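Comments concern the structure below.
Computed from a predicted structure; not experimentally measured. Each chain gets a letter, A, B and so on, in the order the sequences are listed, and its residues count up from 1. All heavy atoms count here, side chains included; hydrogens, waters and symmetry mates do not.
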Number of protein chains: 2
Amino acid sequence: MMTAIAPLAPVDRDETLTEKVYSRLRSALVGGRLVPGQKLIHRQLAVELGVSPTPVREALLRLVSEGALDLDARGIAWVPRLPPERYAEIMDLRVELEGRAAARAATLATAADLAALRAIHARLMVGRRAKDGAVVLAENERFHFGVIAIARMPVLQRVVETLWTQAGPTISLLSAVPRPVSPAGHPHDDLLRALKAHDSVAARAAVERDLREHAVIVAPLL
Amino acid sequence: MMTAIAPLAPVDRDETLTEKVYSRLRSALVGGRLVPGQKLIHRQLAVELGVSPTPVREALLRLVSEGALDLDARGIAWVPRLPPERYAEIMDLRVELEGRAAARAATLATAADLAALRAIHARLMVGRRAKDGAVVLAENERFHFGVIAIARMPVLQRVVETLWTQAGPTISLLSAVPRPVSPAGHPHDDLLRALKAHDSVAARAAVERDLREHAVIVAPLL
DNA sequence: TTATGCAATTTGATATAGCAAACGCCATGT
DNA sequence: ACATGGCGTTTGCTATATCAAATTGCATAA
């Protein structure tokens, strides 16, 4: 007789094609490689990706249900243009939700958490100096979701992910316009200090400044 | 030559089977007709509903992406049991988001808006006196989303919809335990007064009391 | 030149088919 | 009684087929 001597994590089935296609499309959206107005024909995408139309269709429908894509009258998916007031609504919600997560993260962050965040931010700054927009975008996303992960708020995390995806093509405009150096320093540094000091109020304020500075840059581009 | 003499609204295509199945499943979830732990086999559902497996699968995947269903290791969809801390997280987010919407609704509500909300709440009270849990649940949902609609915050509305669906099977426990009559009166009445007075602070407080009183009833059942 | 009409193509929605993995059941053996 | 092995069934995932509606391109007519 052979029983498990330790609780083993169950093997999670390998990623389905639907999930792979979804990830690739989402990454293209938040990376600015899909521009507002662009149509996504599922049969054509299927040929390009070398898969059948079914998983592509499922991935597109998922993005539609998250608000990242729209369907026209025929049912063709396209990247919506974000009206300024909708962008503002998304940013207001991000301020509240990410601020809330940061406040909680301040009470939970360990030294290891902080070290990981600092490493991410360091890579972001390298990318910025190298004027590599793709790196800045990717590391910025890692940093923000790294903070949320520390807060252990899975429902909020999922909501912010959908907000991020919805604003993706707009956020990525940032990579075109390099962020000016703020005299007050990078908000991520403020946030790191607040997390280290377990200062929830300062953490929330740092997130708010970070997002508001984003918004000031992006809003005129809409 | 014949041109449009007025900008006509484009005919939106009739609902797809996927959408019909989604609506029916979502309604079953928030109506408590699907209980935590229950499995949803898409091929079996397809037979029951008289459609092919494809639209059923798409509807299930959408609910999964909204967090209303989980997939087990095999990919079978099931209604998750909500851990108490996750229920608490959802309710905290609802308090913030619905409170924010109510505050804004207070600045925008018209007399017609108020009349519509009062009619909904009246039907809710009729259902409560008749001990008709289904009516109470349905009218309560209409009331809450009616307030959000007044606030015109489409992104927030979508988020609250997903939160509502996630907590659906749990919220519906309310229909089993009739809500005790609060000495302070029904929070919806407070909210209606606040909306009429354009008092954003009171509106937010009324929503918070409403949701907290729900939580007090439901939490022990988890 | 512009409008009209028709056929071929494109496309989304749905149904069906094929495959592989997992499950369940039952017979067999110890 | 319990473990083991095997086989048929169930099930999700992906591909393919079918259909209808919309679009496009082009020839023709005014």
Side-chain angles (χ1 to χ4, degrees), chain A residues 1-5 8-26 29 34 37-80, chain B residues 1-5 7-26 34 37-80:
Chain A
M1 152 156 162
M2 182 68 191
T3 55
I5 51 176
L8 296 176
V11 237
D12 45 351
R13 63 217 173 81
D14 25 352
E15 216 176 24
T16 66
L17 283 184
T18 297
E19 287 160 350
K20 287 181 190 167
V21 174
Y22 169 82
S23 297
R24 183 174 299 211
L25 288 175
R26 182 189 189 273
L29 273 171
L34 292 175
Q38 184 165 352
K39 287 184 183 176
L40 299 172
I41 311 291
H42 83 265
R43 290 169 113 125
Q44 292 178 4
L45 272 176
V47 173
E48 288 170 30
L49 299 172
V51 299
S52 82
T54 307
V56 176
R57 189 179 140 80
E58 285 173 355
L60 289 175
L61 287 178
R62 176 165 171 192
L63 287 165
V64 168
S65 92
E66 291 177 357
L69 296 178
D70 271 0
L71 293 181
D72 69 10
R74 274 187 77 184
I76 294 178
W78 58 287
V79 184
Chain B
M1 153 156 162
M2 182 67 191
T3 54
I5 51 176
L8 298 177
V11 242
D12 46 352
R13 63 216 171 79
D14 28 352
E15 217 178 23
T16 66
L17 283 183
T18 297
E19 286 159 351
K20 287 182 190 165
V21 174
Y22 169 82
S23 298
R24 182 174 300 209
L25 288 175
R26 182 189 189 273
L34 291 175
Q38 183 165 352
K39 286 184 182 177
L40 299 172
I41 311 291
H42 82 264
R43 289 169 114 128
Q44 292 178 4
L45 272 176
V47 173
E48 288 171 30
L49 299 172
V51 299
S52 82
T54 309
V56 176
R57 187 178 142 79
E58 284 172 357
L60 289 175
L61 286 178
R62 176 166 171 190
L63 287 164
V64 168
S65 92
E66 290 177 357
L69 296 178
D70 271 0
L71 293 182
D72 70 9
R74 274 186 76 183
I76 294 178
W78 58 288
V79 184

Given [options], which nucleotide is nearest the side-chain atoms of [X]?
X: A/Val51; options: C/dT11, D/dA15, D/dT11; answer: D/dA15
X: A/Arg43; options: C/dT10, C/dA13, D/dA15; answer: C/dA13
X: A/Ile41; options: C/dG12, C/dT14, C/dT16; answer: C/dG12
X: B/Thr54; options: C/dT14, D/dT14, D/dT10; answer: C/dT14
X: B/Thr18; options: D/dT11, C/dT14, C/dG12; answer: C/dT14
X: A/Arg57; options: D/dG12, C/dA13, C/dT16; answer: C/dA13
X: B/Ser52; options: C/dC23, D/dT16, C/dT14; answer: C/dT14

Separation of atom [atom1] in [X] from atom [atom2] in [N], rounded to whole Å:
X: B/Glu15; N: C/dT14; atom1: CD; atom2: P; answer: 10 Å
X: B/Leu49; N: C/dA13; atom1: CG; atom2: C1'; answer: 17 Å
X: B/Lys39; N: D/dT11; atom1: NZ; atom2: C1'; answer: 11 Å
X: A/Leu45; N: C/dT10; atom1: CG; atom2: P; answer: 16 Å
X: A/Leu17; N: C/dG18; atom1: CG; atom2: P; answer: 20 Å
X: A/Glu58; N: D/dG12; atom1: CD; atom2: C1'; answer: 10 Å
X: B/Leu60; N: D/dC13; atom1: CG; atom2: P; answer: 10 Å
X: B/Asp72; N: D/dC13; atom1: CG; atom2: C1'; answer: 14 Å

Quiz item: Does A/Glu58 pair with A/Arg62 as a salt bridge, N-O distance under 4.0 Å?
Solution: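 No, no charged N to carboxylate O under 4.0 Å.
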Self-check item: Phosphate OP1/OP2 of D/dT11 contacted by B/His42 side-chain N/O (<4.0 Å)
Solution: no
Quiz item: Hey, is the side chain of A/Gln44 poking within less than 4.0 Å of OP1 or OP2 on C/dT10, counting only N and O atoms?
Solution: no
Heavy atoms only: give me the nearest [X]-[Y] pair and the separation to one decimal.
X: B/Ala46; Y: B/Val56; answer: CA-CG2, 3.7 Å
X: B/Leu71; Y: B/Trp78; answer: C-NE1, 3.8 Å
X: B/Arg74; Y: B/Asp72; answer: N-OD1, 2.8 Å
X: A/Ala68; Y: A/Pro80; answer: O-CD, 3.3 Å

Exercise. Between A/Arg74 and A/Thr16, just flag the one whose closest nucleotide in DNA chain D comes earlier from the 5' side.
Key: A/Thr16
Quiz item: Starting at the 5' end of DNA chain D, which residue's closest nucleotide do you reach first, B/Leu61 or A/Pro53?
Solution: B/Leu61
